[in-house]
Student: 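Have a look at this one before I ask anything.
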Amino acid sequence: MERAAETVRLFFALWPDNDLQAKLAAWAKQAAGRGRAMRRENLHLPIAFLGATEAALVPELIALAAGVRFATISLPLDRNGYWKHNRIIWCGAGEEPQLLAALVEGLRARLDAGGIHYDRKPFVSHITLVRDATGLPAVPVWIPLVWEARDFALVGSARVEGRVTYQVLQRFPAQAG
């Protein structure tokens, strides 16, 4: 009997530093009367979702992602909203920076070249703040800021003691100039 390959749930994301995660978590907590706030340590901006992936492919994914060239992305977090279809309150850029679009395109091109399966839905820049939400809060709690994204990450997702936990497996820094 053949043994099934071990799989891990993976995605690539811009991963905020602790200071930005704390600010985003404060906003999420204020809006959480409308749903369930994301935990601070899980806040991120997804750029490619791979889902269940053979664990043996992780080194190949790291090598593919390491070949993506991009510059630091100045990302204004100046917009928030509510997506009724999946019941989330989110924040993101009112106008998506070209450098972010280029990073996503570059990463997806490398994944395609490597024959890696990922969710091919059109990219929508967002950070999920609240899940199971019933709408936006009546009183705005949003304070726009600018995120200087200097890297992206390969992240693993696992359920630990009934809670989804994310672990950064590898970071990929921006290149100067």
Side-chain angles (χ1 to χ4, degrees), residues 2-18 20-21 24-25 28 36-73 75 77 81 83 85-93 96-133 147-175:
E2 229 179 277
R3 188 174 167 188
E6 179 187 355
T7 62
V8 289
R9 290 184 53 82
L10 299 173
F11 60 93
F12 286 96
L14 295 182
W15 203 263
D17 62 26
N18 289 335
L20 180 58
Q21 279 184 326
L24 293 169
R36 180 175 45 86
M38 292 287 291
R39 294 193 331 268
R40 181 198 59 77
E41 63 272 16
N42 282 358
L43 293 166
H44 64 280
L45 190 151
I47 58 174
F49 180 75
L50 282 64
T53 305
E54 287 186 29
L57 288 177
V58 169
E60 182 179 348
L61 291 168
I62 290 171
L64 287 169
V68 176
R69 299 289 173 244
F70 69 103
T72 296
I73 301 165
L75 180 65
L77 300 177
W83 286 331
H85 69 282
N86 55 5
R87 301 180 57 214
I88 67 168
I89 295 173
W90 58 273
C91 71
E96 187 175 293
Q98 180 55 41
L99 289 175
L100 177 57
L103 168 59
V104 172
E105 290 168 16
L107 176 60
R108 288 181 174 198
R110 302 269 310 165
L111 295 173
D112 287 339
I116 303 297
H117 173 78
Y118 63 93
D119 186 341
R120 295 180 184 278
K121 286 184 204 141
F123 174 69
V124 178
S125 167
H126 73 284
I127 299 169
T128 299
L129 298 173
V130 179
R131 292 194 180 280
D132 303 323
W147 174 10
E148 297 297 326
R150 292 179 174 83
D151 64 8
F152 71 98
L154 174 62
V155 182
S157 170
R159 191 166 285 280
V160 178
E161 297 177 9
R163 294 168 58 163
V164 173
T165 301
Y166 298 143
Q167 178 185 8
V168 172
L169 303 176
Q170 181 75 41
R171 289 184 180 267
F172 307 93
Q175 292 77 38

Student: Could you tell me which non-hydrogen atom of L64 sits nearest to which non-hydrogen atom of G114, and how far apart they are?
Tutor: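 Heavy atoms only, the tightest pair is CD1-CA, 4.1 Å.
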
Student: For T165, does its backbone N or O pair with a side-chain atom of N42 as donor and acceptor, under 3.5 Å?
Tutor: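 Answer holds: no.
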
Student: Is it the case that the side chain of Q175 and the backbone of F70 share a donor-acceptor pair, with hydrogens and angles ignored and the cut-off at 3.5 Å?
Tutor: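 The answer is yes, because a donor-acceptor pair under 3.5 Å joins these two groups.
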
Student: How close do L100 and I73 get, heavy atom to heavy atom, and via which atoms?
Tutor: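 Here L100 and I73 meet closest at CA-CD1, 3.8 Å.
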
Student: Provide the closest heavy-atom pair for A71 versus A174 in the form atom of the first, atom of the second, distance.
Tutor: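 For A71 versus A174, the nearest heavy atoms are C-CB, 3.7 Å.
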
Student: Provide the closest heavy-atom pair for A56 versus P59 in the form atom of the first, atom of the second, distance.
Tutor: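 What the structure gives for the nearest pair is O-CD, 3.4 Å.
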
Student: With salt bridge (Lys or Arg N to Asp or Glu O under 4.0 Å) as the rule and sequence neighbours excluded, what pairs involving residues 151-175 come up?
Tutor: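 Only D151-R171 qualify under salt bridge (Lys or Arg N to Asp or Glu O under 4.0 Å).
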
Student: So, using salt bridge (Lys or Arg N to Asp or Glu O under 4.0 Å) as the criterion, who are the partners of D119 when residues are at least two apart?
Tutor: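 Partners of D119 by the salt bridge (Lys or Arg N to Asp or Glu O under 4.0 Å) criterion, ordered by chain and then number, come out as K121.
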
Student: Just by distance, do the side chain of H126 and the backbone of V124 share a donor-acceptor pair under 3.5 Å?
Tutor: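 Yes, because the side chain of H126 sits within donor-acceptor range (under 3.5 Å) of the backbone of V124.
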
Student: Would you please classify the geometry between the W15 ring and the H44 ring as parallel, tilted or perpendicular, with 30° and 60° separating the classes?
Tutor: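 Taking W15 first and then H44, their aromatic rings lie parallel (interplane angle under 30°).
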
Student: Answer yes or no: is there a side-chain heavy-atom contact under 4.5 Å between L169 and L10?
Tutor: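 Touching, per the 4.5 Å side-chain cut-off.
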
Student: Which pairs pass side chain to side chain donor-acceptor pair (under 3.5 Å) with one or both residues in residues 97-114, sequence neighbours excluded?
Tutor: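 Residue pairs with at least one partner in residues 97-114: D112-Y118, D112-R120.
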
Student: Per the salt bridge (Lys or Arg N to Asp or Glu O under 4.0 Å) rule, what does the pair list look like for residues 124-133, sequence neighbours excluded?
Tutor: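 Counting only pairs at least two positions apart or across chains, the salt bridge (Lys or Arg N to Asp or Glu O under 4.0 Å) contacts touching residues 124-133 are R36-D132.
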
Student: Suppose the criterion is side chain to side chain donor-acceptor pair (under 3.5 Å): which pairs have a residue in residues 51-65, not counting sequence neighbours?
Tutor: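 Output for this query is empty, none listed.
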
Student: Can you list the residues that meet the ring-ring contact (aromatic ring centres under 6.0 Å, His included) rule with F172, with sequence neighbours excluded?
Tutor: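 By the ring-ring contact (aromatic ring centres under 6.0 Å, His included) rule, F172 matches F152.
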
Student: Taking all non-hydrogen atoms of both residues into account, name the closest pair between S157 and V164 and its distance.
Tutor: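 Smallest interatomic distance, heavy atoms only, reads OG-CG1, 3.7 Å.
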
Student: Could you tell me whether a side-chain N or O of R150 sits under 3.5 Å from a main-chain N or O of E148, the two making a donor and an acceptor?
Tutor: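 Side chain of R150 to backbone of E148, a donor-acceptor pair under 3.5 Å: yes, one is there.
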
